[in-house]
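For reference, the structure discussed in these notes is given below.
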Number of protein chains: 2
Amino acid sequence: MSARTPGRTPTLEDVARVAGVSRATVSRVVNGIRNVDRDIQEAVRRAIEKTGYTPNRVARSLVTRRTGAVALVVSGAGGDVFGDPFFGRVVSGVVDYLRRHSTHPLLMLADDDAARDDVVSHLRQGGADGALLVTTHPDDRLPLMLAVAGLPAVVFAGTTQALSYVDMKHKKGGELAAWHLLDRDRARLASISGPRDVPASQERLAGFRRIAGDDVPNVAGNFTLASGEEAMAELLRTRPDLDGVFVANDLMAQGALGVLQASGRTVPGDVAVVGFDDSSAALACRPKLTTIRQPVEEMGAAMAELLLDHVAQPGLPPTSRIFEPSLVIRDST
Amino acid sequence: MSARTPGRTPTLEDVARVAGVSRATVSRVVNGIRNVDRDIQEAVRRAIEKTGYTPNRVARSLVTRRTGAVALVVSGAGGDVFGDPFFGRVVSGVVDYLRRHSTHPLLMLADDDAARDDVVSHLRQGGADGALLVTTHPDDRLPLMLAVAGLPAVVFAGTTQALSYVDMKHKKGGELAAWHLLDRDRARLASISGPRDVPASQERLAGFRRIAGDDVPNVAGNFTLASGEEAMAELLRTRPDLDGVFVANDLMAQGALGVLQASGRTVPGDVAVVGFDDSSAALACRPKLTTIRQPVEEMGAAMAELLLDHVAQPGLPPTSRIFEPSLVIRDST
DNA sequence: CTGAAAGCGCTAACAG
DNA sequence: CTGTTAGCGCTTTCAG
């Protein structure tokens, strides 16, 4: 490890000169292409060591037309996207998959039109090989923008036909919750759903009602803890004798749990509670929350995999990957 | 917006031909350099419009030797870094600052030696202009690796002299907590600290004890909710008559709160509780948690700012920026 | 104020 | 199996 030309960072050319071969040969060795004589390989390796050579990613990208980076775009509502435990799990899955394919995610926010344009132009400029989109709002026009621009992209919980996406069987999740509550001999059920304009939320409710009955009372929240508290309070007012409740995400369930207990009811003694997501909030509850698990990390990984496929083979038709929910029984039921 | 040469994406050359000028002139217009005739500027602009030209970032980077991306490296313990509400706030601040300077963060994990080497080599390869490091562990050797490699980097809560860093007056935070508890007429204080090997955690405790007394009982947790529960239970065993407790982060405080209430004590009636961080966990507590706020978003932004300075002016000596904690009074005291 | 020319560092045919 | 030759698309002296 000795510096050769002190001022400049060594290039392929430098290594080639030291090793007494051509640039192309060095390039082959660096990129692990076989067709190179053993001895020469060794010589090149020594020259690399001696010069302290590191390949220049940018120069490489210019010719391969690939950057080894993908945009991870989050267009959640409000500023606190990164604090969302759900989003954290998605990122985890994405990062974990990408790193094994020497790719890195470029974090981008798309919370307004200017930001959305930025994302598109960044991709068009070759700043990233494709995009991973995580949105809750179904009316986000970014997916469409990317689709018409012909840029590789994969959506989490997609609503666009034109792009590949991953999603989960939300309806089935609602059914699992209902079955479980019924199993626990609960007869007076109720539910707290997410916002009316979030499809996934409506599906969960539909599934729950398919099993528990179409007339099961429901109050809509907005996925925050406080909204769970309010919804629970309202439910208690209209149906004080309830003995089982299904909540469309863990955070609202946490709020509901608190209200239930503050009202003097025990959980699961008087009322059984089932959440949704299996996020860190489920474990923060006392009692720990029984919940419908979304395999979010796997879904994130699948997104990444799909995207890398699209990057490798442009023109691949849009696909989707739908995951199964599962019941995680803890102490709230 | 009409496509000219259908197959290829338009280049500077194409625009130049359409506008009847040279590449250099187009480049000047694109980069907003003044010395260009009004009329020619207009002509170029029209040609850009007509061809649908977008500058190629990679080609530009190759010559400017700048990518417009920085690595955001997180080497937290365990896999769930992204779920940490604290980390989320840092990212928020970083992203918010960077976007206003047309820079994007490249998310990287540095949880083992191989990953750390990846970070260094990625930077050496010119994959990013610098690195932002967020670690809790003081013995992480990545900062040093970057320092010796001469790569621009800024650390959150730094422990290395060789790098710029941002931090907070943790000791003062502990003092604020103690003063507040004393203000509330609490006389039998106790505390739950973070791990012994986390400097920030020790400073908070030191500050608390400086005001509350060196003999105040303390149990160390590890910043998780469960550890907060255990610590509180132990504290209650040795000091059942306590009436005020300072907890080194909100998550542990949330756990402590639950144990306190389960033991039949009221908060803040019987026991007052002060947390630390002002993370989302503080708002998830019932009663809502009084806590010592860290201006994490601002700290994240400051990190980004420092880094961009270092990138713009290589050779700039390491600096630091130390922030003030503040007391946020809610309902647990 | 504008153009010509020289690379930035690398990969990828194509010969040999 | 190895070297030669072209570029990838852009910025930037340097003349004019």
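In what follows, chains carry the letters A, B, and so on, assigned in the order in which the sequence lines appear, proteins first and then strands, with residues in each chain numbered from 1.
Rounded to whole Å, atom P of dC8(C) lies 9 Å from atom CG of Leu62(B). Here dC10(C) presents its C1' atom at 13 Å from CG of Asp14(A), a figure rounded to the nearest Å. One atom, CZ of Arg60(B), and another, C1' of dT12(D), lie 14 Å apart when rounded to the nearest Å. Rounding to whole angstrom units, CZ of residue Arg23(A) and C1' of dA6(D) are separated by 10 Å. For the pair Leu12(B) CG and dT12(D) P, the interatomic distance rounds to 12 Å; values are reported in whole Å.
Side-chain N/O atoms of Arg28(A) and base N/O atoms of dG3(D) include a donor-acceptor pair closer than 3.5 Å.
Using a 4.0 Å cut-off, some side-chain N or O of Arg65(B) falls inside it from OP1 or OP2 of dG9(C). OP1 or OP2 of dT11(C) lies within a sub-4.0 Å distance of a side-chain N or O belonging to Asn31(A). Phosphate proximity of dC8(C) to Asn56(A): absent, as no side-chain N or O sits under 4.0 Å from OP1 or OP2. At least one side-chain nitrogen or oxygen of Thr25(B) sits closer than 4.0 Å to the OP1 or OP2 atom of dG3(C). OP1 and OP2 of dC10(D) both lie 4.0 Å or more from every side-chain N or O belonging to Ser27(B). Considering only side-chain N and O atoms, Thr64(B) lies nowhere under 4.0 angstrom from the phosphate OP1 or OP2 of dT11(D). Taking only side-chain nitrogens and oxygens, Thr11(B) never comes nearer than 4.0 Å to OP1 or OP2 of dG9(D).
Not a single side chain to side chain donor-acceptor pair (under 3.5 Å) links Thr103(B) to another residue, sequence neighbours left out.
Looking at residues 120-130 of chain B, you'll see that no heavy atom sits under 4.0 Å from any atom of DNA chain C.
Among the protein residues, Val21(B) comes within range of the sugar-phosphate backbone only, with heavy atoms under 4.0 Å from sugar or phosphate atoms but none that close to a base.
In summary, Asp113(B) and Arg141(B) engage in a salt bridge, as defined by a charged side-chain N under 4.0 Å from a carboxylate O.
Side-chain contact annotation: Thr67(A) with Asp129(A), donor-acceptor N/O pair under 3.5 Å present.
Between Leu133(B) and the choices Leu72(B), Leu142(B), Leu307(B), the side chain to side chain contact (heavy atoms under 4.5 Å, CB included) rule is met once, by Leu142(B).
Here the side chain of Ser61(A) pairs a donor or acceptor atom with the backbone of Arg57(A) at under 3.5 angstrom.
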